[in-house]
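Predicted, not measured: the structure shown is a model, and the values here were computed from it. Excluded from the calculations below are hydrogen atoms, water molecules and symmetry mates; all remaining heavy atoms, backbone and side chain alike, are included.
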Amino acid sequence: RIKQIKENNYAYPVQLFMNAVYGEQGYARPSVGTDQSVDEITTDDLKAWFKQNQRPLVPLILIVGDTRGTGLVAAVTDALTNEDLHEREMSTISFAEPKRESKEAVEEVPRQQTAFGYGFPTVTRANADRFPLTVLENIVSGLSGPFFGAIPEKQGLAYTVASRNTFYVKSGSFFTYTAFSPENQA
């Protein structure tokens, strides 16, 4: 899966963008890990992460038929319910705001297309300013968006133009993605 991301002409530029915006923060890390992190992870690491980060849930248990009282229900509930049912408040997790600075990430790979991404940090998913950003994303993206109409069709420069928002608990980002043939690279 890690290799597939590196070979994907959309996913990999997005990953480079997230690395440029968030640096060492968790939002910059690919959800599937990196070659190094997968090679180094141990069973104890996974157990510790799970214990610290898993949000325990109380399962909904439905038993149909004669249970002869609550004895069976209690046994099943005990077996399927996490021991530690505390709520974890995500907003208390430490997070350093991304630095508001210009960054550039360029990686040359022999391919039949070139990808260009541009973006910036934005607001959290709890911030009401996410709504205008979502409107902007919907206006400029897709086959009927003005970027797609102007760049690929009128200029003949690109064949994919998209914009995307990401809204997280502690931050957010907006980026555009353009794919074009190397001969149209400026």
Side-chain angles (χ1 to χ4, degrees), residues 1-42 44-46 48-50 52-55 88-127 129-142 145 147-148 151-152 157-182 184-186:
R1 176 104 163 114
I2 295 170
K3 184 178 178 184
Q4 289 174 336
I5 290 174
K6 288 182 179 178
E7 293 174 355
N8 184 302
N9 209 44
Y10 176 77
Y12 195 57
V14 169
Q15 185 59 53
L16 292 175
F17 167 76
M18 297 301 277
N19 289 341
V21 171
Y22 294 108
E24 294 298 315
Q25 294 293 333
Y27 296 143
R29 297 183 190 126
S31 60
V32 296
T34 63
D35 291 328
Q36 180 182 353
S37 68
V38 170
D39 288 342
E40 294 175 357
I41 200 160
T42 66
D44 290 338
D45 293 333
L46 290 173
W49 179 91
F50 185 85
Q52 179 182 358
N53 294 292
Q54 175 61 28
R55 293 182 64 132
R88 181 156 185 230
E89 181 55 49
M90 298 300 286
S91 63
T92 62
I93 298 172
S94 64
F95 179 80
E97 287 293 322
K99 294 180 181 176
R100 307 290 178 164
E101 61 188 5
S102 295
K103 295 180 186 176
E104 183 175 304
V106 177
E107 187 168 318
E108 294 191 22
V109 179
R111 292 205 175 136
Q112 297 301 312
Q113 65 182 27
T114 299
F116 173 78
Y118 172 82
F120 48 87
T122 61
V123 298
T124 68
R125 66 178 173 209
N127 189 310
D129 288 341
R130 74 184 185 282
F131 298 115
L133 287 166
T134 301
V135 171
L136 174 65
E137 174 187 0
N138 290 321
I139 289 172
V140 301
S141 291
F147 288 172
F148 187 82
I151 296 173
L157 299 176
Y159 53 84
T160 301
V161 179
S163 296
R164 182 168 175 231
N165 283 299
T166 58
F167 301 115
Y168 302 116
V169 172
K170 296 285 192 171
S171 185
S173 63
F174 179 86
F175 62 89
T176 61
Y177 167 84
T178 307
F180 48 90
S181 300
N184 290 332
Q185 185 173 337

Closest contact, heavy atoms only, R164 versus E137
CA-OE2, 3.6 Å
Short side-chain donor-acceptor distance under 3.5 Å, S173 and T166:
yes
For Y168 and T124: C-alpha separation, side-chain torsions, deciding distance, then whether side chain to side chain donor-acceptor pair (under 3.5 Å) applies.
CA-CA 5 Å; Y168 302 116; T124 68; over 6 Å; no
Flag side-chain contact, heavy atom, 4.5 Å: R125 against V169:
yes
Could you state the interatomic distance from CZ (R130) to OG1 (T134), rounded to the nearest 0.5 Å?
7.5 Å
Quick one: OG1 on T122 to CG on N165, what's the gap to the nearest 0.5 Å?
6.0 Å
Relative to each other, are the rings of Y10 and F175 parallel, tilted or perpendicular (30° and 60° limits)?
tilted
Within a reach of under 6.0 Å around OH of Y118, are more than 12 heavy atoms found that belong to other residues, nucleotides or ligands?
no
Test side-chain contact (heavy atoms from CB on, under 4.5 Å) on L136 and F174 and set out the steps.
CA-CA 10 Å; L136 174 65; F174 179 86; 3.8 Å; yes
Go through N19 and Q15 one step at a time and tell me if the side chain to side chain donor-acceptor pair (under 3.5 Å) criterion holds.
CA-CA 6 Å; N19 289 341; Q15 185 59 53; 3.1 Å; yes
Between L133 and V123 the two heavy atoms that sit nearest each other are CD1-CG2, 4.0 Å
With no hydrogens and no angle check, just 3.5 Å: does a side-chain donor-acceptor pair link S171 and Y22?
yes
In this structure, CZ of R29 is separated from CE of M18 (nearest 0.5 Å) by 12.0 Å
I'd like to know if the side chain of T42 pairs up with that of D45 as donor and acceptor (distance under 3.5 Å, no hydrogens or angles considered).
yes
Where is the tightest heavy-atom contact between A28 and G23, given as atom of each residue plus distance?
CB-O, 3.1 Å
Which distance, rounded to the nearest 0.5 Å, do you find between the CZ of F167 and the CG of D129?
9.5 Å
